[in-house]
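Heads up: the structure comes next, in C-alpha coordinates.
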Protein chains: 2
Amino acid sequence: MPLTGHPFVTKISRLMDMNAGNLDSLEAIMEREGTAAKRHDLIVHGAEHRDLCFVRSGYAIRYRLLRNGKRQILNVILPGDVIGFPVSFFDRATYAVVAVSNLSYSVCPLSSYVRLCYERPQFGLVLTWLAAREAAICAEHIVNLGRRTPIERLAHFLLEIHDRLLEVGCAEQTRFDLPFSQGILADVLGLSVPHLNRVMQELRAERLIVSTSRLMELPDIAGLRRLAQYQPVDLALIPAGPTAQRGL
Amino acid sequence: MPLTGHPFVTKISRLMDMNAGNLDSLEAIMEREGTAAKRHDLIVHGAEHRDLCFVRSGYAIRYRLLRNGKRQILNVILPGDVIGFPVSFFDRATYAVVAVSNLSYSVCPLSSYVRLCYERPQFGLVLTWLAAREAAICAEHIVNLGRRTPIERLAHFLLEIHDRLLEVGCAEQTRFDLPFSQGILADVLGLSVPHLNRVMQELRAERLIVSTSRLMELPDIAGLRRLAQYQPVDLALIPAGPTAQRGL
DNA sequence: CGCCCCGTTGAAATGAGTCAAGCCTTGTGG
DNA sequence: CCACAAGGCTTGACTCATTTCAACGGGGCG
(Lines give C-alpha, C1' and ligand atoms only; values in the text may rest on other atoms or scores of the structure.)
Protein backbone atom coordinates (compact mmCIF):
# COMPACT_ATOMS: atom_id res chain seq x y z
CA MET A 1 0.00 0.00 0.00
CA PRO A 2 1.52 3.32 -1.02
CA LEU A 3 2.49 5.88 1.58
CA THR A 4 1.16 8.81 -0.43
CA GLY A 5 -1.14 10.82 1.77
CA HIS A 6 -0.01 8.97 4.88
CA PRO A 7 -0.24 11.42 7.78
CA PHE A 8 3.26 10.48 8.91
CA VAL A 9 4.57 11.57 5.53
CA THR A 10 2.55 14.77 5.79
CA LYS A 11 4.20 15.41 9.10
CA ILE A 12 7.80 14.81 8.11
CA SER A 13 7.38 16.67 4.84
CA ARG A 14 7.72 19.86 6.86
CA LEU A 15 11.11 18.70 7.99
CA MET A 16 12.71 17.01 5.00
CA ASP A 17 12.28 16.83 1.30
CA MET A 18 10.10 13.78 0.75
CA ASN A 19 11.01 13.35 -2.87
CA ALA A 20 10.39 10.15 -4.78
CA GLY A 21 13.69 8.61 -3.67
CA ASN A 22 13.06 9.18 0.00
CA LEU A 23 9.46 8.13 -0.25
CA ASP A 24 10.40 4.92 -2.00
CA SER A 25 13.05 4.07 0.57
CA LEU A 26 10.55 4.54 3.35
CA GLU A 27 7.95 2.49 1.53
CA ALA A 28 10.49 -0.25 0.93
CA ILE A 29 11.05 -0.95 4.62
CA MET A 30 7.37 -1.21 5.50
CA GLU A 31 6.67 -4.79 6.35
CA ARG A 32 2.91 -4.77 6.42
CA GLU A 33 -0.29 -2.83 6.97
CA GLY A 34 -2.34 -3.50 10.07
CA THR A 35 -5.61 -2.65 11.70
CA ALA A 36 -6.80 -2.87 15.27
CA ALA A 37 -10.30 -2.65 16.69
CA LYS A 38 -11.29 -0.27 19.43
CA ARG A 39 -10.09 -1.54 22.82
CA HIS A 40 -7.45 -3.77 21.28
CA ASP A 41 -4.12 -3.84 23.16
CA LEU A 42 -1.33 -2.73 20.87
CA ILE A 43 1.49 -2.92 23.38
CA VAL A 44 1.32 -4.64 26.72
CA HIS A 45 3.32 -3.39 29.67
CA GLY A 46 6.48 -5.43 30.15
CA ALA A 47 6.45 -7.12 26.77
CA GLU A 48 9.17 -6.83 24.19
CA HIS A 49 8.45 -4.64 21.24
CA ARG A 50 10.73 -3.92 18.32
CA ASP A 51 8.44 -2.45 15.66
CA LEU A 52 7.55 1.03 14.59
CA CYS A 53 3.85 1.49 13.80
CA PHE A 54 3.03 4.59 11.78
CA VAL A 55 -0.61 5.40 12.44
CA ARG A 56 -2.68 6.06 9.33
CA SER A 57 -6.00 6.70 11.06
CA GLY A 58 -7.57 6.32 14.46
CA TYR A 59 -6.69 7.13 18.06
CA ALA A 60 -4.85 5.29 20.80
CA ILE A 61 -3.46 6.02 24.26
CA ARG A 62 -0.24 5.22 26.06
CA TYR A 63 -0.89 4.56 29.72
CA ARG A 64 0.51 3.19 32.93
CA LEU A 65 -1.41 1.25 35.56
CA LEU A 66 -0.49 1.60 39.23
CA ARG A 67 -0.88 -0.94 42.02
CA ASN A 68 -3.81 0.92 43.53
CA GLY A 69 -5.69 0.63 40.25
CA LYS A 70 -5.13 4.21 39.20
CA ARG A 71 -4.28 4.84 35.56
CA GLN A 72 -2.27 7.69 34.17
CA ILE A 73 -2.40 8.31 30.45
CA LEU A 74 0.96 9.54 29.25
CA ASN A 75 0.02 10.69 25.83
CA VAL A 76 -2.59 10.23 23.18
CA ILE A 77 -1.61 8.80 19.83
CA LEU A 78 -3.06 10.49 16.76
CA PRO A 79 -2.78 9.83 13.03
CA GLY A 80 0.83 10.38 11.94
CA ASP A 81 2.24 9.36 15.31
CA VAL A 82 4.63 6.48 15.76
CA ILE A 83 3.44 3.90 18.24
CA GLY A 84 6.84 2.36 18.81
CA PHE A 85 8.41 5.57 20.09
CA PRO A 86 9.90 5.37 22.59
CA VAL A 87 8.79 1.90 23.59
CA SER A 88 10.80 0.02 21.00
CA PHE A 89 14.03 1.55 22.25
CA PHE A 90 13.81 -0.30 25.55
CA ASP A 91 14.30 -3.92 26.44
CA ARG A 92 10.75 -4.14 27.69
CA ALA A 93 7.79 -1.83 27.32
CA THR A 94 7.57 0.55 30.26
CA TYR A 95 3.91 1.22 29.59
CA ALA A 96 0.95 -0.05 27.61
CA VAL A 97 -0.84 1.14 24.49
CA VAL A 98 -4.48 0.49 23.64
CA ALA A 99 -6.61 1.61 20.71
CA VAL A 100 -9.53 3.86 21.62
CA SER A 101 -11.01 3.79 18.16
CA ASN A 102 -10.54 1.55 15.19
CA LEU A 103 -7.03 2.02 13.96
CA SER A 104 -5.01 1.44 10.82
CA TYR A 105 -1.24 1.66 10.55
CA SER A 106 1.89 0.67 8.65
CA VAL A 107 4.55 -1.39 10.36
CA CYS A 108 8.30 -1.72 9.97
CA PRO A 109 10.87 -3.34 12.26
CA LEU A 110 13.01 -0.87 14.16
CA SER A 111 16.12 -2.50 12.74
CA SER A 112 14.99 -1.74 9.19
CA TYR A 113 14.46 1.88 10.06
CA VAL A 114 17.89 2.03 11.61
CA ARG A 115 19.39 0.55 8.45
CA LEU A 116 17.61 3.27 6.52
CA CYS A 117 19.20 5.85 8.81
CA TYR A 118 22.66 4.59 7.89
CA GLU A 119 21.87 4.90 4.20
CA ARG A 120 19.98 8.18 4.44
CA PRO A 121 20.95 9.99 7.62
CA GLN A 122 18.11 12.45 7.17
CA PHE A 123 15.72 9.81 8.43
CA GLY A 124 17.67 9.60 11.64
CA LEU A 125 17.59 13.34 12.04
CA VAL A 126 13.88 13.47 11.36
CA LEU A 127 13.36 10.97 14.12
CA THR A 128 15.41 13.14 16.46
CA TRP A 129 13.36 16.17 15.49
CA LEU A 130 10.13 14.32 16.07
CA ALA A 131 11.48 13.19 19.41
CA ALA A 132 12.18 16.81 20.29
CA ARG A 133 8.60 17.68 19.39
CA GLU A 134 7.41 14.81 21.54
CA ALA A 135 9.56 16.05 24.40
CA ALA A 136 8.01 19.49 24.15
CA ILE A 137 4.50 18.04 24.28
CA CYS A 138 5.53 15.94 27.24
CA ALA A 139 6.88 19.03 28.97
CA GLU A 140 3.55 20.76 28.50
CA HIS A 141 1.81 17.82 30.14
CA ILE A 142 4.12 18.18 33.09
CA VAL A 143 3.28 21.86 33.44
CA ASN A 144 -0.37 20.93 33.06
CA LEU A 145 -0.36 18.34 35.80
CA GLY A 146 1.96 20.15 38.14
CA ARG A 147 0.84 23.74 38.09
CA ARG A 148 -2.25 24.41 36.03
CA THR A 149 -5.78 24.41 37.44
CA PRO A 150 -8.13 21.72 36.14
CA ILE A 151 -9.94 24.08 33.80
CA GLU A 152 -6.67 25.35 32.34
CA ARG A 153 -5.49 21.77 31.93
CA LEU A 154 -8.50 20.75 29.95
CA ALA A 155 -8.34 23.86 27.78
CA HIS A 156 -4.66 23.29 27.12
CA PHE A 157 -5.16 19.66 26.25
CA LEU A 158 -7.95 20.40 23.77
CA LEU A 159 -5.83 23.02 22.05
CA GLU A 160 -2.91 20.62 21.85
CA ILE A 161 -4.97 17.89 20.24
CA HIS A 162 -6.51 20.34 17.83
CA ASP A 163 -3.12 21.63 16.71
CA ARG A 164 -1.68 18.15 16.36
CA LEU A 165 -4.63 17.06 14.24
CA LEU A 166 -4.41 20.18 12.08
CA GLU A 167 -0.76 19.42 11.45
CA VAL A 168 -1.64 16.17 9.71
CA GLY A 169 -4.78 17.48 8.07
CA CYS A 170 -7.19 15.62 10.34
CA ALA A 171 -9.09 18.54 11.85
CA GLU A 172 -11.08 21.53 10.66
CA GLN A 173 -10.25 25.07 11.71
CA THR A 174 -12.50 25.09 14.77
CA ARG A 175 -13.59 21.51 15.31
CA PHE A 176 -12.35 17.96 15.42
CA ASP A 177 -13.28 14.41 16.17
CA LEU A 178 -12.64 13.56 19.83
CA PRO A 179 -13.50 9.93 20.55
CA PHE A 180 -12.31 10.04 24.17
CA SER A 181 -14.62 9.14 27.01
CA GLN A 182 -14.54 11.29 30.12
CA GLY A 183 -12.75 8.44 31.84
CA ILE A 184 -9.92 8.84 29.37
CA LEU A 185 -9.81 12.62 29.61
CA ALA A 186 -9.74 12.37 33.40
CA ASP A 187 -6.81 9.96 33.28
CA VAL A 188 -4.94 12.20 30.88
CA LEU A 189 -5.39 15.23 33.11
CA GLY A 190 -4.88 13.55 36.46
CA LEU A 191 -8.43 14.26 37.62
CA SER A 192 -11.35 12.17 38.84
CA VAL A 193 -14.22 11.58 36.43
CA PRO A 194 -16.81 13.57 38.40
CA HIS A 195 -14.48 16.51 38.67
CA LEU A 196 -13.56 16.42 34.99
CA ASN A 197 -17.25 16.40 34.22
CA ARG A 198 -17.81 19.56 36.23
CA VAL A 199 -14.82 21.26 34.67
CA MET A 200 -16.14 20.47 31.20
CA GLN A 201 -19.42 22.03 32.14
CA GLU A 202 -17.58 25.16 33.17
CA LEU A 203 -15.89 25.39 29.78
CA ARG A 204 -19.23 24.92 28.10
CA ALA A 205 -20.83 27.58 30.30
CA GLU A 206 -18.06 30.00 29.38
CA ARG A 207 -18.85 29.25 25.74
CA LEU A 208 -15.28 28.14 25.12
CA ILE A 209 -16.27 24.71 23.87
CA VAL A 210 -19.31 23.13 22.27
CA SER A 211 -19.30 19.37 22.32
CA THR A 212 -21.69 16.73 21.15
CA SER A 213 -20.74 13.13 21.72
CA ARG A 214 -17.61 12.72 19.56
CA LEU A 215 -17.43 16.15 17.99
CA MET A 216 -15.54 18.90 19.77
CA GLU A 217 -15.93 22.46 18.62
CA LEU A 218 -13.79 25.37 19.74
CA PRO A 219 -15.70 28.57 18.93
CA ASP A 220 -13.25 30.84 20.75
CA ILE A 221 -9.74 29.57 20.29
CA ALA A 222 -8.18 32.90 21.28
CA GLY A 223 -10.07 32.81 24.56
CA LEU A 224 -9.06 29.23 25.21
CA ARG A 225 -5.43 30.06 24.54
CA ARG A 226 -5.54 32.98 26.92
CA LEU A 227 -7.09 30.80 29.60
CA ALA A 228 -4.60 27.98 29.16
CA GLN A 229 -1.56 30.14 28.47
CA TYR A 230 -1.10 28.01 25.40
CA GLN A 231 1.74 28.68 23.01
CA PRO A 232 1.99 26.69 19.80
CA VAL A 233 5.34 25.02 19.19
CA ASP A 234 7.32 25.73 16.04
CA LEU A 235 9.88 23.14 15.12
CA ALA A 236 12.97 24.65 13.55
CA LEU A 237 14.17 23.22 10.26
CA ILE A 238 16.90 20.63 10.11
CA PRO A 239 20.11 22.35 9.05
CA ALA A 240 21.03 21.40 5.51
CA GLY A 241 23.56 18.62 5.12
CA PRO A 242 25.66 17.15 2.33
CA THR A 243 22.74 14.97 1.30
CA ALA A 244 20.98 17.99 -0.12
CA GLN A 245 23.88 18.70 -2.41
CA ARG A 246 24.18 15.11 -3.51
CA GLY A 247 20.54 15.29 -4.49
CA LEU A 248 19.47 12.15 -2.65
CA MET B 1 40.05 20.30 26.28
CA PRO B 2 39.83 16.57 25.68
CA LEU B 3 36.54 14.78 26.06
CA THR B 4 38.07 11.78 27.79
CA GLY B 5 36.16 11.13 30.98
CA HIS B 6 33.39 13.51 29.93
CA PRO B 7 30.15 12.19 31.44
CA PHE B 8 28.40 12.55 28.09
CA VAL B 9 30.94 10.21 26.55
CA THR B 10 30.48 7.82 29.46
CA LYS B 11 26.78 7.85 28.75
CA ILE B 12 26.91 7.24 25.02
CA SER B 13 29.62 4.63 25.35
CA ARG B 14 26.89 2.22 26.40
CA LEU B 15 25.21 2.82 23.07
CA MET B 16 27.98 3.09 20.52
CA ASP B 17 31.60 2.25 20.15
CA MET B 18 33.42 5.42 21.19
CA ASN B 19 36.66 4.50 19.50
CA ALA B 20 39.37 7.03 18.75
CA GLY B 21 37.82 8.00 15.42
CA ASN B 22 34.41 8.74 16.86
CA LEU B 23 35.86 10.49 19.88
CA ASP B 24 38.02 12.69 17.68
CA SER B 25 35.10 13.63 15.43
CA LEU B 26 33.06 14.63 18.43
CA GLU B 27 35.91 16.58 19.90
CA ALA B 28 36.46 18.33 16.59
CA ILE B 29 33.04 19.96 16.55
CA MET B 30 33.25 21.34 20.07
CA GLU B 31 33.50 25.07 19.81
CA ARG B 32 34.43 25.95 23.36
CA GLU B 33 34.30 25.09 27.02
CA GLY B 34 32.11 27.13 29.31
CA THR B 35 31.26 27.61 32.94
CA ALA B 36 28.28 29.17 34.66
CA ALA B 37 27.86 30.23 38.25
CA LYS B 38 24.99 29.09 40.45
CA ARG B 39 21.80 30.99 39.60
CA HIS B 40 23.05 31.96 36.16
CA ASP B 41 20.44 31.84 33.38
CA LEU B 42 21.56 29.46 30.67
CA ILE B 43 18.51 29.73 28.45
CA VAL B 44 15.83 32.37 28.73
CA HIS B 45 12.26 31.63 27.79
CA GLY B 46 11.45 32.90 24.33
CA ALA B 47 15.02 33.46 23.20
CA GLU B 48 16.65 31.77 20.24
CA HIS B 49 19.07 29.02 21.01
CA ARG B 50 21.02 26.92 18.55
CA ASP B 51 23.77 25.31 20.64
CA LEU B 52 24.18 21.97 22.32
CA CYS B 53 25.79 22.18 25.76
CA PHE B 54 27.16 18.92 27.07
CA VAL B 55 27.33 19.23 30.84
CA ARG B 56 30.62 18.18 32.40
CA SER B 57 29.75 18.89 36.01
CA GLY B 58 27.08 20.63 38.01
CA TYR B 59 23.30 20.78 38.12
CA ALA B 60 20.67 22.86 36.36
CA ILE B 61 16.90 22.92 35.96
CA ARG B 62 14.54 23.42 33.04
CA TYR B 63 11.46 25.29 34.16
CA ARG B 64 8.42 27.21 33.05
CA LEU B 65 6.94 30.26 34.77
CA LEU B 66 3.18 30.82 34.72
CA ARG B 67 1.28 34.10 34.85
CA ASN B 68 0.19 33.54 38.43
CA GLY B 69 3.83 33.26 39.49
CA LYS B 70 3.83 29.51 39.84
CA ARG B 71 6.86 27.62 38.56
CA GLN B 72 6.94 24.08 37.24
CA ILE B 73 10.30 22.41 36.84
CA LEU B 74 10.23 20.13 33.83
CA ASN B 75 13.40 18.24 34.42
CA VAL B 76 16.68 18.49 36.20
CA ILE B 77 19.89 18.55 34.21
CA LEU B 78 22.74 16.42 35.49
CA PRO B 79 26.30 15.82 34.31
CA GLY B 80 26.24 14.13 30.93
CA ASP B 81 22.94 15.75 29.92
CA VAL B 82 22.58 18.00 26.91
CA ILE B 83 21.20 21.41 27.73
CA GLY B 84 20.11 22.19 24.18
CA PHE B 85 17.75 19.24 23.95
CA PRO B 86 15.06 19.83 22.96
CA VAL B 87 15.24 23.61 23.14
CA SER B 88 17.57 24.07 20.20
CA PHE B 89 15.20 22.27 17.89
CA PHE B 90 12.59 25.04 18.15
CA ASP B 91 12.48 28.53 16.77
CA ARG B 92 12.32 29.96 20.25
CA ALA B 93 12.91 28.43 23.64
CA THR B 94 9.67 27.16 25.13
CA TYR B 95 11.10 27.21 28.64
CA ALA B 96 14.04 28.50 30.64
CA VAL B 97 17.15 26.86 32.07
CA VAL B 98 19.06 28.06 35.11
CA ALA B 99 22.11 26.64 36.88
CA VAL B 100 21.49 25.53 40.45
CA SER B 101 25.15 24.90 41.17
CA ASN B 102 28.32 25.96 39.48
CA LEU B 103 28.41 24.31 36.11
CA SER B 104 30.95 23.43 33.43
CA TYR B 105 30.14 22.25 29.95
CA SER B 106 31.34 21.84 26.36
CA VAL B 107 29.51 23.64 23.57
CA CYS B 108 28.94 22.94 19.91
CA PRO B 109 26.51 24.52 17.46
CA LEU B 110 23.58 22.30 16.57
CA SER B 111 24.47 22.66 12.89
CA SER B 112 27.90 21.13 13.50
CA TYR B 113 26.37 18.19 15.27
CA VAL B 114 23.96 17.70 12.40
CA ARG B 115 26.87 17.76 9.95
CA LEU B 116 28.51 15.09 12.07
CA CYS B 117 25.33 13.02 11.81
CA TYR B 118 25.57 13.07 8.04
CA GLU B 119 29.16 11.86 8.16
CA ARG B 120 28.66 9.37 10.94
CA PRO B 121 24.99 8.42 11.20
CA GLN B 122 25.60 6.68 14.51
CA PHE B 123 25.68 10.06 16.19
CA GLY B 124 22.22 10.77 14.89
CA LEU B 125 20.97 7.45 16.17
CA VAL B 126 22.56 8.01 19.54
CA LEU B 127 20.70 11.28 19.81
CA THR B 128 17.46 9.50 18.99
CA TRP B 129 18.22 6.89 21.63
CA LEU B 130 18.97 9.55 24.21
CA ALA B 131 15.75 11.29 23.24
CA ALA B 132 13.90 8.03 23.84
CA ARG B 133 15.47 7.82 27.29
CA GLU B 134 14.47 11.39 27.95
CA ALA B 135 10.92 10.62 26.84
CA ALA B 136 10.76 7.73 29.29
CA ILE B 137 11.91 9.93 32.15
CA CYS B 138 9.38 12.53 31.13
CA ALA B 139 6.67 9.89 31.12
CA GLU B 140 7.59 8.94 34.67
CA HIS B 141 7.23 12.55 35.73
CA ILE B 142 3.76 12.57 34.23
CA VAL B 143 2.80 9.47 36.20
CA ASN B 144 4.34 11.08 39.26
CA LEU B 145 2.40 14.29 38.99
CA GLY B 146 -0.84 12.77 37.82
CA ARG B 147 -1.35 9.71 39.95
CA ARG B 148 1.25 9.18 42.65
CA THR B 149 0.89 10.44 46.20
CA PRO B 150 3.36 13.09 47.34
CA ILE B 151 5.48 10.63 49.30
CA GLU B 152 5.67 8.26 46.35
CA ARG B 153 6.57 11.15 44.08
CA LEU B 154 9.46 12.22 46.21
CA ALA B 155 10.72 8.65 46.58
CA HIS B 156 10.48 8.12 42.84
CA PHE B 157 12.28 11.32 42.05
CA LEU B 158 15.17 10.55 44.39
CA LEU B 159 15.59 7.11 42.88
CA GLU B 160 15.57 8.56 39.40
CA ILE B 161 18.27 11.10 40.19
CA HIS B 162 20.35 8.47 41.90
CA ASP B 163 20.17 6.14 38.91
CA ARG B 164 20.94 8.89 36.45
CA LEU B 165 23.95 9.97 38.45
CA LEU B 166 25.18 6.38 38.78
CA GLU B 167 24.98 6.01 35.02
CA VAL B 168 27.61 8.70 34.53
CA GLY B 169 29.67 7.74 37.54
CA CYS B 170 28.64 10.72 39.66
CA ALA B 171 27.06 8.92 42.61
CA GLU B 172 28.00 6.30 45.15
CA GLN B 173 25.95 3.15 45.65
CA THR B 174 23.70 4.58 48.34
CA ARG B 175 24.34 8.31 48.35
CA PHE B 176 24.72 11.32 46.15
CA ASP B 177 25.11 15.06 46.09
CA LEU B 178 21.72 16.79 45.95
CA PRO B 179 22.14 20.58 45.80
CA PHE B 180 18.40 21.27 45.41
CA SER B 181 16.58 23.52 47.85
CA GLN B 182 13.15 22.46 49.02
CA GLY B 183 11.74 25.18 46.82
CA ILE B 184 13.20 23.39 43.82
CA LEU B 185 12.04 19.95 44.91
CA ALA B 186 8.55 21.30 45.49
CA ASP B 187 8.44 22.80 42.01
CA VAL B 188 9.65 19.55 40.47
CA LEU B 189 6.99 17.54 42.24
CA GLY B 190 4.12 19.99 41.90
CA LEU B 191 3.80 20.51 45.67
CA SER B 192 3.93 23.49 47.99
CA VAL B 193 7.09 23.99 50.01
CA PRO B 194 5.50 23.37 53.43
CA HIS B 195 3.95 20.17 52.22
CA LEU B 196 7.14 18.95 50.61
CA ASN B 197 8.89 19.62 53.89
CA ARG B 198 6.43 17.44 55.78
CA VAL B 199 6.65 14.69 53.19
CA MET B 200 10.43 14.67 53.49
CA GLN B 201 10.09 14.29 57.22
CA GLU B 202 7.88 11.28 56.64
CA LEU B 203 10.52 9.64 54.47
CA ARG B 204 13.10 10.36 57.14
CA ALA B 205 10.86 8.96 59.85
CA GLU B 206 10.40 5.76 57.83
CA ARG B 207 14.20 5.54 57.63
CA LEU B 208 14.08 5.55 53.85
CA ILE B 209 16.31 8.58 53.48
CA VAL B 210 19.00 10.27 55.53
CA SER B 211 19.81 13.77 54.40
CA THR B 212 22.18 16.42 55.62
CA SER B 213 22.23 19.71 53.72
CA ARG B 214 23.50 18.68 50.28
CA LEU B 215 24.11 14.99 50.85
CA MET B 216 21.30 12.53 50.24
CA GLU B 217 21.65 8.98 51.48
CA LEU B 218 19.35 6.12 50.56
CA PRO B 219 19.86 3.38 53.17
CA ASP B 220 16.97 1.24 51.93
CA ILE B 221 16.76 1.46 48.17
CA ALA B 222 14.63 -1.68 47.92
CA GLY B 223 12.10 -0.17 50.29
CA LEU B 224 12.06 3.09 48.38
CA ARG B 225 11.51 1.25 45.12
CA ARG B 226 8.64 -0.68 46.57
CA LEU B 227 7.06 2.49 47.88
CA ALA B 228 7.46 4.37 44.60
CA GLN B 229 6.79 1.43 42.30
CA TYR B 230 10.04 2.38 40.63
CA GLN B 231 11.34 0.36 37.72
CA PRO B 232 14.75 1.19 36.26
CA VAL B 233 14.80 1.75 32.51
CA ASP B 234 17.03 -0.32 30.28
CA LEU B 235 17.83 1.17 26.92
CA ALA B 236 18.11 -1.44 24.20
CA LEU B 237 21.21 -1.40 22.04
CA ILE B 238 21.22 0.31 18.69
CA PRO B 239 20.94 -2.37 16.00
CA ALA B 240 24.24 -2.77 14.18
CA GLY B 241 24.59 -0.96 10.88
CA PRO B 242 26.98 -0.96 7.96
CA THR B 243 29.23 1.44 9.85
CA ALA B 244 30.32 -1.35 12.13
CA GLN B 245 31.53 -3.39 9.22
CA ARG B 246 33.35 -0.47 7.64
CA GLY B 247 35.16 -0.09 10.93
CA LEU B 248 34.48 3.60 11.33
C1' DC C 1 27.04 42.81 61.61
C1' DG C 2 23.06 42.43 59.09
C1' DC C 3 20.57 40.60 55.32
C1' DC C 4 18.59 37.14 52.72
C1' DC C 5 17.69 32.58 51.66
C1' DC C 6 16.26 28.42 53.37
C1' DG C 7 14.11 25.18 56.43
C1' DT C 8 10.47 24.44 59.71
C1' DT C 9 6.04 24.74 62.11
C1' DG C 10 1.08 25.94 62.93
C1' DA C 11 -3.72 27.04 61.91
C1' DA C 12 -7.26 27.89 58.72
C1' DA C 13 -9.46 27.58 54.20
C1' DT C 14 -10.56 25.11 50.10
C1' DG C 15 -10.25 22.39 46.15
C1' DA C 16 -10.62 17.89 44.57
C1' DG C 17 -11.45 12.95 45.51
C1' DT C 18 -14.55 9.36 46.98
C1' DC C 19 -18.77 7.11 47.26
C1' DA C 20 -23.20 6.40 45.69
C1' DA C 21 -27.11 6.68 42.91
C1' DG C 22 -29.81 7.57 38.69
C1' DC C 23 -30.25 8.26 33.82
C1' DC C 24 -29.19 7.94 29.04
C1' DT C 25 -27.18 5.79 25.14
C1' DT C 26 -25.35 2.12 22.62
C1' DG C 27 -24.79 -2.34 21.34
C1' DT C 28 -26.18 -7.12 21.53
C1' DG C 29 -28.47 -11.33 21.72
C1' DG C 30 -32.76 -13.63 22.02
C1' DC D 1 -37.71 -6.13 16.75
C1' DC D 2 -37.51 -5.85 21.38
C1' DA D 3 -35.23 -6.34 25.93
C1' DC D 4 -31.61 -6.28 28.52
C1' DA D 5 -26.87 -5.31 29.77
C1' DA D 6 -22.96 -2.44 29.92
C1' DG D 7 -20.64 1.64 29.59
C1' DG D 8 -20.70 6.38 29.87
C1' DC D 9 -22.50 10.78 31.73
C1' DT D 10 -24.32 13.57 35.49
C1' DT D 11 -25.42 14.94 40.09
C1' DG D 12 -25.11 15.37 45.22
C1' DA D 13 -23.08 15.00 49.84
C1' DC D 14 -19.20 14.20 52.51
C1' DT D 15 -14.34 13.96 53.63
C1' DC D 16 -9.79 15.14 53.80
C1' DA D 17 -5.41 16.03 51.58
C1' DT D 18 -3.04 19.99 50.22
C1' DT D 19 -2.61 24.88 49.76
C1' DT D 20 -2.28 29.23 51.67
C1' DC D 21 -0.82 32.50 54.89
C1' DA D 22 2.05 33.69 58.53
C1' DA D 23 5.71 33.60 61.66
C1' DC D 24 10.17 32.14 63.49
C1' DG D 25 15.02 30.41 63.59
C1' DG D 26 19.36 29.29 61.67
C1' DG D 27 23.23 29.85 58.68
C1' DG D 28 25.98 31.51 55.02
C1' DC D 29 27.64 35.47 52.59
C1' DG D 30 28.65 40.10 51.62
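From a predicted model like this one, the values you see are computed outputs, not experimental measurements. Proteins come first, then strands; the chains are lettered A, B, ... in the order of their sequence lines, and each starts at number 1.
- Glu167(A) is not listed as a side-chain neighbour of Leu235(A), based on a closest heavy-atom distance of 4.5 Å or more.
- The nucleotide range of DNA chain C contacted by chain B, defined by atoms under 4.0 angstrom from heavy atoms of the protein and reported 5' to 3', is dC6(C) to dA11(C).
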Yes or no on side-chain contact (heavy atoms from CB on, under 4.5 Å) for His49(B) and Leu110(B), after CA distance, side-chain angles and deciding distance? CA-CA 9 Å; His49(B) 194 83; Leu110(B) 177 59; over 6 Å; no
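- Under the side-chain hydrogen bond (donor to acceptor under 3.5 Å, both in side chains) criterion, Asn144(B) pairs with Arg148(B), sequence neighbours left out.
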Distances for protein N/O vs nucleotides 5-10 of chain D N/O pairs under 3.5 angstrom?
from    : atom 1 : to        : atom 2 : distance (Å)
dC9(D)  : OP2    : Gln182(A) : N      : 2.7
dT10(D) : OP2    : Gln182(A) : NE2    : 2.6
dT10(D) : OP2    : Asn197(A) : ND2    : 2.6
dT10(D) : O5'    : Asn197(A) : ND2    : 3.2

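- For the atom pair Arg62(A) CZ and Asp81(A) CG, the distance stands at 7.0 Å (nearest 0.5 Å).
- Side-chain atoms of Glu160(B) and Ile137(B), non-hydrogen and from C-beta on, do get closer than 4.5 Å to each other.
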Under 3.5 Å between N/O atoms: give me all the protein pairs with nucleotides 24-27 of chain D, atom names plus distance.
none

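- If you measure from atom NZ of Lys70(B) to atom P of dT19(D), you get 8 Å, rounded to the nearest angstrom.
- The distance between atom CZ of Arg148(B) and atom C1' of dA17(D), rounded to the nearest whole Å, is 19 Å.
- Within 6.0 Å of atom CZ in Arg67(A), more than 12 heavy atoms from other residues, nucleotides or ligands are found, so the atom counts as buried in its surroundings.
- Partners of Asn75(B) according to the side-chain hydrogen bond (donor to acceptor under 3.5 Å, both in side chains) rule, which considers only residues two or more places apart in sequence or in another chain, are Glu134(B), Arg164(B).
- A 4.5 Å side-chain heavy-atom check between Leu3(A) and Arg56(A) finds at least one atom pair inside the cut-off.
- Of all heavy-atom pairs between Arg147(B) and Leu191(A), the closest is NH2-O, 2.9 Å.
- If you measure from atom CD of Glu152(B) to atom P of dA17(D), you get 14 Å, rounded to the nearest angstrom.
- Scanning for side-chain hydrogen bond (donor to acceptor under 3.5 Å, both in side chains) contacts around Thr174(B) gives an empty result, with sequence neighbours left out.
- Distance CZ (Arg153(B)) to P (dA17(D)): 14 Å, rounded to an integer number of Å.
- One finds a salt bridge joining Arg225(A) and Asp163(A) here, because a Lys/Arg side-chain nitrogen approaches an Asp/Glu carboxylate oxygen to under 4.0 Å.
- DNA chain D is contacted by both His195(A) and Arg147(A); His195(A) maps to the nucleotide lying nearer its 5′ end (nearest heavy atom per residue).
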